[in-house]
Each structure stands twice: as structure tokens, then as C-alpha cells.
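Everything below concerns the one structure shown next.
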Amino acid sequence: MTVRIRTLDELLTPPAAGSSELSTQEYFVNMGPQHPIAHGSLRLVIRLDGETVKEVIPVPGFVHRGIEKMCEKITPRQVIHLTDRLDYFSAIMNNWGVAKLVEKAAGIETNGRIETIRTIMAELQRIQSHMLWWGVLGMDLGAFTAFLYAFRDREIISELFEETIGARLTMNYVRPGGVMFDIFPDFPAKVRKLLGYLGPIMDEYDTLLSGNVILQERLRNIGVLDPKRAVALGCTGPVLRGSGVPMDLRKTAPYGRYGDVEFNVAIGTMGDCWDRYYVRMEEIRQSLRIIEQLVDGIPEGPVNVIKASARITIPEGTYYDQIETARGILGIMLVSDGKSPNPYRIHFRSPNFNNMWAVTAIAPGWRIADIISIQSSLDLVIPEIDR
Amino acid sequence: MGLMVDHIPGVVENFPGGSVLVTTIDRIINTSRANSLWPLGFGTKCCAIEMLMATGASHQDISRFGAEVVRNSTRQADLMVIAGAIVRKMAPRVRLLYEQMAEPRYVIATGACAICGGPFQYNSYHIVHGVDEVIPVDVYVPGCPPRPEAFFWGLLALQRLIKEGESIRRPDIRRKPVLAALPQGVTMEDIQGEMRRLLEEQNVVNVAESAEGKLWTQRLREWMRKPSSKP
Amino acid sequence: MGRVDFSDVKHETRAFAGVTVPVSVVPRFKRQTYPTRFLFSLKSLIDGMRLTFGYLVRPSKVVTRQYPENRATLKFPERYRASLKFKFDENGYQHCNGCGSCERACPNGSIILNTRKGEITGRNEIERYIWRMDSCVLCNACVEACAFGALEMSHEFENAVYDRRLLVYTLNRYAGPTANVLLKEENLEARAAMMTKLDTYGGPVPMNGHALPTVRALGSPRDEAKPDGKGAAS
């Protein structure tokens, strides 16, 4: 799609007769780069007519660090630590995406234990990510209490990560050919305890925020994204599923242990903010279900099939692989020249970049206050957009 | 080692010529300032989750330090927590935000990205190598990201800086008790010779001067002076 | 609850992309007359309040950690990574032989290794192991890469400083051979002759690639540290 940028002259001329009697002079409002709803540094230039949004122009690039270019100078093992810093709420899933691609390209076979640990960790992180989103959505819409509850429970998962992996946010855990640390023997018991805790907590979340009439009024029927438009924009993850398209890589192209477990793909019916909101709530429950099925039978075996410092050579060619992160499909394209251990080129197809453009399709016609709901329900992580 | 929080700020190292009245007022003002730092809700990257969100939430309650009032407007904030990488496109904006803040203003740089570019310091064409190229920084908290407790330690270090290093006689001068806050595991015996001399020499910072001397100041001036294209 | 019945999640199957996908369709709003709607809205608000006040009066649920008051009892998991350390044996000897695998494994050049030819032993040994805590991302790659177990991650997280230069320091306490080589030598004086004592901040502070206005290589003239991102390379 194209973004039309008008000159000041055009803007100052009164609207042509017959457009609307009520239309006033249009003006621009800047949201960001330092704005509480930006969740980072995203600038939204909003063209307004009164309070009605006419157009939204996202201006990304305030956290562009050149990660793709940097990846050309480091080995695949070292690329992993940069993927932590793309979408830091899905750090393990990003790690896994690169590891999966490198394993596929270099022909490394993993075992059941590795895949099970990766799946459990990825699902834990998905829960953690959605919890943070839930709290921040509440905070954006003026309910600070939700934030406290979300972080209380998120911290429990953080502690589990800290104990197993040694880091709270940027884990650098999954690497080509295995994972960095083996789990402790009491890990399954701890996860089971966590599941027992989080099950009832989800009902509490429903009572606290989902059932709240103010939140419902701010989400219901706001920002409708119809499925065709969502597919055309390349939206993935809960944004697409909220519009009713059951697109989930964990089902359509299973990787890890997702083929062996039973879970449902949460979808919405209308594609409004409420659907996107509740799809994520339902996804937390489904993630709990996945973990519940996996945690009891973690197979035995080594957690590394190759040595940590082993030199991985990727044969010449272009490779692509994708993974379902908490926000959608992260695609990784890797070009190798076959000689150097470093990739010749890496490209990340980030889910947030496409989801961000959904705001241009959704927002026009709604009020400026609805931008907050829409932006929050899209759950953008800006550093992944900019890379 | 380390900084002390276990004694009342009674042993203020006075500036030359300080009188009893001034030091008493100083003590009152500095204690008040140190215990009500309002941070600016400004985060660019992963550190923001730990520094601004997790610290404000239930497990680590930042209001125990009187700093829970996160302001989204720069004009109401005292403390700017640089949480995350600052890139060239963002640098003028960071500078602008800093200049919009009312004095006295304090900056904590958290995480490797804000301190020196961290994981992006080499091979990246767009990173600013440390936020101190843009604005003067008072306290550095290393880590990637540092845990909330480490941030609190940095906040305590900043409170100590405010309590000990400022005087209403010279509001733009900030005396950093450099040798009081050392990385854990490092003792005074480890700092010898030239390093010690340098640290002691350069522990008095003229904040206004130091802010003007930053690289990006000039660029921002040019950027702001640029005449808007006339239709 | 409000006007949504949260248990009303429909479990269906949909055909998508050639796969039959089991789906959960999320609940939607029910049509209500105005008075019921009003009462339900009121109830939803009261429910939320009750939950919050419930937590207010149940002190067993307090989760806040009292840092820094609990510094003495603060414990971290064994694997928690907060800073890099050298492992020393009971005599204070290190295991690093200066092979440089950690330097190669480091993704962002936070480790700078200077080696020397040992005068007595005649083999390659470590002179100065510089670790930049300011840029380290604690990814554990160096510890994994080390085949000799010379490095470890420690829990020392209270590293806030006023001056950046304090974050670049030398990890090894002496320049010299590894513990294995030293222990072969029985004579303590001969051992001491192989080692040169180091301090944490002595020697050049290398800021390869770029120098910063506040950080310059120690011992170098002041104008060498150019603020334009070049110069003062080690």
C-alpha cells in the first residue's frame, strides 16, 4: 500500500464542497516516538478531522540497529544472541527459529529431549509474553491494577527461567544442535506447580479485566479488521487469528513437539479489538494445555547433539524457515556462500512489521481514543519492527 | 566497599566556603530531591521491561524509593532512565527530551546498549556508542538487562550522589563520589596509580558545561535551526 | 461477569491450508435489555473491586522483595549470570592459558586477550585478560567455549558506577602460566618468578574500534581519544 503525503498547501485548502458538512480543517497529531502507547519508540502521524482519524502513517526506525547487517559478520551461534534482541518477549522462540534453520541447512538431527525442552520453554515464554501484554493493555486503557497482577504472575515464570537458563529476559538459550543448559530434575515438578497456579489465575484475570464493562466497551466492535484485509496485509499471529483465520504454524506445519500434542487454535469471529484480546487469553489456556501434556514425559537423552564450540558449516544455498512466535510468524532467510562460517545474508521477516501496518487499515474512521485500544490489541514490539 | 545507605546524610563533604546555614538547607533540599525522583517513562528496548515495568510492579516495588510516579511528560520528570539502545535517528530526540526536563535532572544509563552500544557496538552503522555521547549520564548500571535489584542499586547510588554531591550554591556542579560506588568484587586497592588520580581529578562535573559539550548538541542545534520548507 | 459468558468457548474444527484445525472460537457479547445490562455492568465492577480488596486484606499474598534491606539473605539461582569471573584454585592460580577461544566466541568483542611468551616457561601464556563489563551481554558463550574451565559466571550484580571507566577491568590477578604449569614447579620462589602481579585497572584500557569522550586509553595522551569514533585502538 502507498502512503500519500500531502503538502501544507493541500491541507490548508478547505475541503471540496459536498464532502461533508461537518468536516473541519484537518490537522496532524504526532504520537511518539516518546509516547506511553508506543511501547517503545514508534511514531504515528495521525491525520485528524475533529476527533475522527482519517489516516495513520507509522514512522518506524527509531530503534533500527542494523541487526541483519551485523549478522553477516558473526557465526550462526552468535546470531542467536542478536535474535534475543529482536522481540525480547519471544526470545526463546526467536532463538529456536534460527537454530531450526541452521539445523535444517547443516543437516543436524536433534533428539526428542531437546525438542521437548524447547517446546515447553517456548510455550512458557508465550504465556509470559501474553501476560505482559495483558497487563500493559490494562495500563494503556487506564487500569493499572491489571499490570500489577500480570507482573506478579509473570515474575514466577521469570524465576523459573532464571533458575534453568540463568537470565530473565534475553536468554540465548536455544542454539543450533541443542539447548544451552539441561533442565534440573525438579523442573517438571515446578512446572506442574506453576500450571496448577496459573489455571485458576486465568479465571481471576477474566473477573478482573475481561469482565470489566469499561474495558469491554473500549474493545467491543472497535477496530474491525476483516480477514481478507488481514491476509492481504500479511498479518500473522493473534491479529490474524482474531479475524477468524485459523492460521497457526504449530498446527499447519508442526515443528518441535507440536505435532504430538492436542491443542486448539484460538480464533475470533469479527476481528475487532475484543477478538484479538480474547484470542490471546485463550492462547494462554491452550499453552497451559500443551505444557501439561509434555511436562510429564520428557524423554531421556543428551541436550546437545553437537559441541557448543563446534564449527557449523552451512552448504551454499538459500534457506528459509519460519516459526510461530507470540506475535506471529517469524521468517528467517539465510543465504550462505558455503565458504565462510558467517552467513552471507540474513533477513528476518518480522511479524510485528506486518502487524503494524494493520493500524493503517483499521484506524481510519475511529476516534483518536480508539487508537489506544487498536494499538494495544495489536501488541507491537518496536525493536522487532526496526531490527 | 560500595556505597553506604546505612547512615544519615550527615557527613556531607562541604564545598569550600560552605556555611552552616547553606549546608543545612542543602541537606534538607538534597534529601527531599533524592527521595522523590520521578522517572520519565521512556524506554526503547528490552531494558525498559526490567527497568520501568518490573521495578514498578509488585515484586520489586520502586515506590519504596519514592520513585514510582512515572511521568510520561518530560516537563514533570526529574530522572531519565535510558533503558535500551539509542540509535542515530533517536539521538536528537533523546537530546530534546533531556533539554525539556526541568533542572535538576538526572540520567541513569542502564544496560549495555545505553552504556556503550553493547551487542551492537561493532559492525552496526546506526548505533550511538553510549548515550553519554548525547547527554551527560550520572550513573551507569551494567548488565543486559540488569536485574531490577541492580537498578535499585543504581538508584541508591544516584540518591547518594544527590545527597552528597550537590549544593545550592553551585547548582550546576555535581560532585560524584566516584570511589564510593565500585563494581562488586573490586576494592579500593585495585584502583591504583593513574586510574585513581584520573577518577579523583574528574569527579567534579559541571553538568551544564558537560551537556553543552556533547557531540549531538551541535547537531541538534543545526537540526532545529533548519528552516521549514515553505510551500 | 459482564455480558460475556467466558465458558462459552466453542470448540470446532475448521479446514485450513489442507489441514483440519481444531479451533476455539472466543466468546462474544450477548444482547441484553437496558436494565439487565446496567445491573451486569455494575456487578462486573463490583466483582473486580472485590478481587482487589480481597488481596488487600490477605497479607499472606505479599510478594514484594525488600531490596536492599534483604541484601544479606538475597540468593540467586546457581545459573544466574550477572558478571564474568576467573576461576582460581586454592592457591590463587588460574586455569587460563590464553588460547583465545573465548575471545573468538564473544559476539561483540567484550573480551580482549593479551598474551605473551613466558620468559621462563617459554610457552604462550596470558598477560592481561580484559573484560568489558559495560558492553558484555552475559550470553555465556565464553564460558561454553572455554575448554579449560577457566571462566565462570557469578552473581555479583551490584555494579552501578558513576564513571564508565570502572567497568573495564582485568580479570586475571597475575600474568603468567596456568595452575598446572605452576604446580609442577616445586620451588615457591621459582613459581613467583613466573608470575607478574596485576591490578584490576592498570595498563591500557582498550576501547577498540572507538574511543569515547569520557573513556580514553590509560597512559595515552589526552587528545588521542578522539570523540569521532576512531583512534585509541589497542
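Proteins get letters first, then strands, A, B, ... in listed order; numbering begins at 1 in each.
- In this structure the side chain of Arg147(B) never reaches within 4.5 angstrom of the side chain of His155(C), judged on heavy atoms.
- Taking chain C as the reference chain and counting heavy-atom pairs below 4.5 Å, the highest number among Pro119(B), Ala109(B), Gly154(B) is found for Pro119(B).
- Put simply, the side chain of Ile115(B) does not reach to within 4.5 Å of the side chain of Ser135(C), judged on heavy atoms.
- Note that CG of Asp61(B) is 12.0 Å distant from CZ of Arg65(C), once rounded to the nearest 0.5 Å.
- For a residue to count as touching a neighbouring chain, one of its non-hydrogen atoms must lie under 4.5 Å from one of that chain's; by this rule Phe65(B) touches chain C with the side chain only.
- Within the 3.5 Å criterion, the main-chain N or O of Gln60(B) finds no donor-acceptor partner in the side chain of Thr64(C).
- Leu161(B) touches chain C through backbone and side chain together, each having a heavy atom under 4.5 Å away.
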Apply the test side-chain contact (heavy atoms from CB on, under 4.5 Å) to residues Trp153(B) and Arg71(C): give CA-CA distance (whole Å), side-chain angles for both, the deciding distance (0.1 Å), then the verdict. CA-CA 11 Å; Trp153(B) 190 252; Arg71(C) 276 185 73 204; 3.4 Å; yes
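- Considering CE of Met133(C) and SG of Cys144(B), their distance stands at 13.0 Å, rounded to 0.5 Å.
- To the nearest 0.5 Å, atoms CG (Leu156(B)) and OH (Tyr67(C)) are separated by 7.0 Å.
- Using a 4.5 Å heavy-atom cutoff, the side chains of Glu158(C) and Glu149(B) are not in contact.
- Residues Arg132(C) and Cys116(B) form a side-chain contact, since some pair of their non-hydrogen atoms from C-beta on lies under 4.5 Å apart.
- Between the side chain of Asn108(C) and the backbone N or O of Gly118(B), at least one donor-acceptor pair lies under 3.5 Å.
- The heavy-atom pair separating Cys136(C) from Ala112(B) by the smallest distance is O-CB, 4.0 Å.
- Side chains of Asp134(C) and Pro142(B) form no contact here, defined as non-hydrogen atoms less than 4.5 Å apart.
- Looking at Tyr162(C), its side chain does come within 3.5 Å of a backbone N or O of Ala157(B) through a donor-acceptor pair.
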